[in-house]
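The structure appears below as structure tokens.
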Amino acid sequence: MNSRRLPAESLTLPLLGVLVLLVAWSVASGPMKLPLTQSLISIWDGVFGSELSSLQQYEKVVVWDLRLPRTILALLVGALLAQCGAVMQGIFRNPLADPGIIGVASGAALGAAIAIVVLPVDYQYLTVPFCSFAGGLLTTWLVYGLAKNESGTSVVILLLAGVAIAAFSAAIIGFLSYIANDQALRDLSLWQMGSLASASGFDLMLTGAVLVIVMVVFQKKANALNALLLGEAEARHLGIEVEKLKQQFILITAIGVGVAVSVSGVIGFVGLVVPHLVRMMVGPDHRVLLPLSAIVGGGLLLLADLGARTWMSPAELPVGLVTAGLGAPFFMVLLFQRRQGMM
Amino acid sequence: MSIVSQSSNVGFKHSKPALSIGHLDVSVGHKTLLSVDQLAAESGQLIALLGANGAGKSTLFKAITGEMLPDDVQTSRVALHGKSISQWQPQQLARHLGVLPQASQLSFPFTVKEVVGLGLIPLTASRSEGQRLVADAMKQTDTTQFADRIYTQLSGGERQRVHLARVLVQLSQAEHSPVLLLDEPTSAQDLGQQHQILNLAKDLCHQKGWTVIAILHDLNQAMRYCDQVWLLQQGRVIEQGVPNHVLTESIIERVWGYRPELVRTEGGRSVLI
Amino acid sequence: MNRKNLALFRKTFFEHLAPAMAALLVCSVVVFGSLISVGKANASAEVQRIISTDAGTTEILVALGQGESLVGIDVTSSVPEQFKPAKVGYHRQLAAEGLLSLAPTLVFGSEHIGPKTTLDALKSANTQLILQPTATDSTQLIENIQQVANALNVSGDHLVSKVQTAQDILNESSTNRSAKAVFLLYLEGRGLKQAGLGTSGDSLLNLLGLQNVSAHPNYRSVSAEGLMAMQPEVILIGSQNPKAAEALLAQFPSLSHTPAVKNNKVLIVDAAALVSGISLKAMEEAVRVSEAL
């Protein structure tokens with residue numbers, strides 16, 4: 001019986017093609033009805049400083065300042081979350097792990113909560129990203145420190161420490177919610193649902209740079225991650241420095257997820273579901289799993305964001321709600337299939 | 001786990017044994033898991049590591065690979081081809097010391113070829129050469145027919161052979177004769193497969209000069225295939241030598257608690273009943 | 001790709017990928033086709049298209065007879081049933097494109113409007129934006145009314161005089177000066193929240209000349225015991241339920257020992273009127289309460 005796998009090389013180009021289509025669709029869609037070709041031409045204008053498009057000024061604003069940054073951010077964040085999810089599933093040798101498992105998401109939420117409730121409202125657009133990123137890194141450091149002993153870092157303890165820190169940070173967020181005024185409360189709950197709307201140029205560049213670093217580092221160690229799936233002892237026997245590898249992966253994931261969460265709030269399920277999907281298509285070899293997850297993750301988040309901003313037009317749904325709403329049932333289907341497979 | 005280690009001096013500068021173990025002491029609280037002094041395994045030898053359950057056999061393997069002891073203790077304890085384990089560069093060590101675990105944690109749906117291909121990690125090989133090494137190893141372990149099947153759908157015995165193939169690949173570029181540790185390689189296999197594996201081990205030793213230490217439970221197999229026996233009881237090596245000398249009625253009775261009947265074959269070896 | 005991979009590829013391509021891609025392409029063509037038609041709304045010079053993201057401003061607009069011009073309101077605003085503006089979401093997290101898609105000629109908001117990127121987008125699109133501070137007293141309310149009236153070139157005088165009259169009535173009733181009071185939000189089954197300093201409940205108390213006994217800012221949960229310790233002489237309950245006072249006493253019978261309950265000075269106020277500071281309705285409520293005291 002042969003594997004029902006798709007060869008990765010033949011999948012990449014079609015997926016990239018679909019991605020390009022999705023980008024065009026995203027730029028052309030929204031509450032405002034704008035002609036597609038003119039929208040694309042106005043992007044060309046924006047890049048090359050020409051004046052070819054026939055769109056009005058405020059329409060160009062919509063395409064260039066609103067839709068395009070969102071589209072790019074969706075691709076970047078989706079790719080980041082999907083890659084970090086795949087790596088965490090490898091480190092924990094468990095396909096149900098998600099990138100927040102090392103505490104970074106709960107720490108980022110805590111940082112954001114502190115910024116929203118305690119720090120001055122007027123500077124929120126600066127303090128929230130910074131505090132959530134710092135929070136994410138700090139909690140990861142704490143979780144890792146808890147799990148580390150002389151003989152290494154047990155993934156079981158890492159998992160439990162992540163759970164403990166998440167509970168602790170939820171308690172503090174609860175307290176902050178209690179003392180918050182109504183506006184802060186609303187802001188906090190919206191932040192926790194995720195949004196790709198407020199993307200400054202700086203955010204995009206930072207996220208892009210981090211994505212490149214993350215992808216390069218992960219791809220270099222992709223085969224080592226494969227070996228890690230054999231078990232840590234076996235990976236060590238193959239000459240891999242397991243402790244150093246885990247440290248690196250955890251650090252890079254914390255940075256990647258930390259940046260993603262700080263620019264877009266908490267967006268769940270992408271890091272969990274996308275690697276699963278891709279693994280079902282091309283198998284668990286990380287050398288193909290990682291790059292394809294980046295592509296599929298970016299595409300899926302883009303689709304989710306498209307839905308988020310068109311379904312309740314002219315208002316917007318937080319994109320995290322869409323990913324949860326789609327991701328949770330999908331995840332249940334996966335679990336069901338797994339159960340079937342075990343019978 | 002607390003490790004009580006006593007300082008012993010000497011680095012073994014003996015270049016002949018493939019694997020030499022100085023003084024090793026591993027205990028948890030008051031219980032001694034392992035207490036070993038001066039063990040040596042020569043190249044080209046198939047050694048059976050025997051003992052009742054809990055005698056310390058797996059512990060010895062872990063001590064050899066350095067999983068049990070912190071590095072500074074390793075220094076003068078275990079030496080591979082005269083150089084202590086901790087001084088070997090990790091990838092080079094991987095090419096010379098291979099371990100077949102008793103059971104594997106792997107639960108992801110890799111194909112068998114991919115699993116065996118993981119053995120290429122410490123090697124430097126071109127793509128085609130890697131494929132050749134993988135194919136050879138799978139032929140040696142009789143797993144070629146599984147090449148494109150999903151690992152998680154195989155039986156326990158089949159999986160074990162896949163891992164054996166992987167370890168064979170791992171050791172195929174050794175500059176000195178490699179050392180292979182087999183942790184109960186026959187436990188999940190049917191009778192025919194058991195003998196195939198042991199024959200393979202014997203050939204690797206006698207024809208290619210490898211050193212193989214296998215944890216076995218079947219004393220007759222030890223008799224039939226192995227050049228040396230290391231007998232452990234309560235963490236200590238109570239006997240070592242050729243099978244005929246070690247596996248006598250009285251020793252077997254002492255260790256396993258039953259007195260066997262030994263029948264001598266024409267080839268001069270004994271069979272236990 | 002060797003032959004086996006090629007065969008596998010062809011198989012999966014035709015069985016899975018091609019249909020999916022075809023479906024996606026068809027969808028795209030349909031969507032693009034419908035988008036290619038230019039569908040922007042053209043606003044004529046006289047007809048205003050107003051978006052209001054502040055409840056108070058919305059109320060003023062409706063009172064000034066501009067309900068028909070409202071094309072979008074935020075979730076905190078409410079309008080009479082005959083008007084059906086689009087809902088643009090929460091005023092602190094507005095979607096820029098959503099706002100722009102309504103082709104507004106004028107956008108009203110309070111100091112809370114956000115996020116910053118949406119404001120920037122509105123400015124880049126040269127949309128007229130008028131921000132009004134939340135009214136905490138009648139003076140600011142009058143200013144807001146006049147600002148809206150001026151922006152729309154209509155007369156707000158009748159509204160201003162209504163507010164002024166109400167304020168005059170409140171000024172005259174001096175009997176309530178310095179009476180200790182609390183403003184409570186009674187969420188049945190979920191406890192009591194007391195309006196602290198800086199809240200709109202606090203503004204209402206100030207309007208009535210009452211002294212708010214709470215020293216803290218914002219709304220805080222309060223227990224019956226805490227309330228008793230404050231010995232308020234007047235209790236105002238913000239609720240939509242006309243029987244809220246009875247329900248409150250039923251749940252917290254110990255409150256009957258407060259001067260407010262003993263002297264029958266527990267009054268209901270329509271909480272919706274205070275959503276965005278002192279509104280026109282809030283002025284009416286204040287007058288009503290003042291007369292009842």
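Residue numbers begin at 1 in each chain, while the letters A, B, ... track the order of the sequences.
The part of R166(B) that comes within reach of chain A is its side chain, from C-beta onward, which places non-hydrogen atoms under 4.5 angstrom from that chain. Residue contact with chain A, scored on non-hydrogen atoms closer than 4.5 Å, involves the backbone and the side chain of L118(B) alike.
Considering all non-hydrogen atoms of both residues, G119(B) and L238(A) come closest at CA-CD2, 4.0 Å. The shortest heavy-atom contact between N94(A) and F108(B) is N-CZ, 3.9 Å. Across all non-hydrogen atoms, the minimal contact from G239(A) to A94(B) is N-CB, 3.5 Å. Nearest heavy atoms, S107(B) versus R93(A): OG-O, 4.4 Å. Of all non-hydrogen atoms in P109(B) and P284(A), the two that sit nearest each other are O-CD, 3.4 Å.
Remark: F168(A) CZ is loosely packed, at most 12 non-hydrogen atoms of other residues, nucleotides or ligands lying under 6.0 Å away. Heavy-atom neighbours of K113(B) NZ from other residues, nucleotides or ligands within 6.0 Å: at or below the threshold of 12.
Using a 4.5 Å heavy-atom threshold, the side chains of I240(A) and Q91(B) count as separate.
Taking chain B as the reference chain and counting heavy-atom pairs below 4.5 Å, the highest number among N226(A), D285(A), L229(A) is found for L229(A).
Considering CZ of R287(A) and CD of E114(B), their distance stands at 8.0 Å, rounded to 0.5 Å.
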Going through the distances and angles, do T65(B) and H237(A) end up as a side-chain contact (heavy atoms from CB on, under 4.5 Å)?
CA-CA 8 Å; T65(B) 55; H237(A) 297 156; 3.9 Å; yes
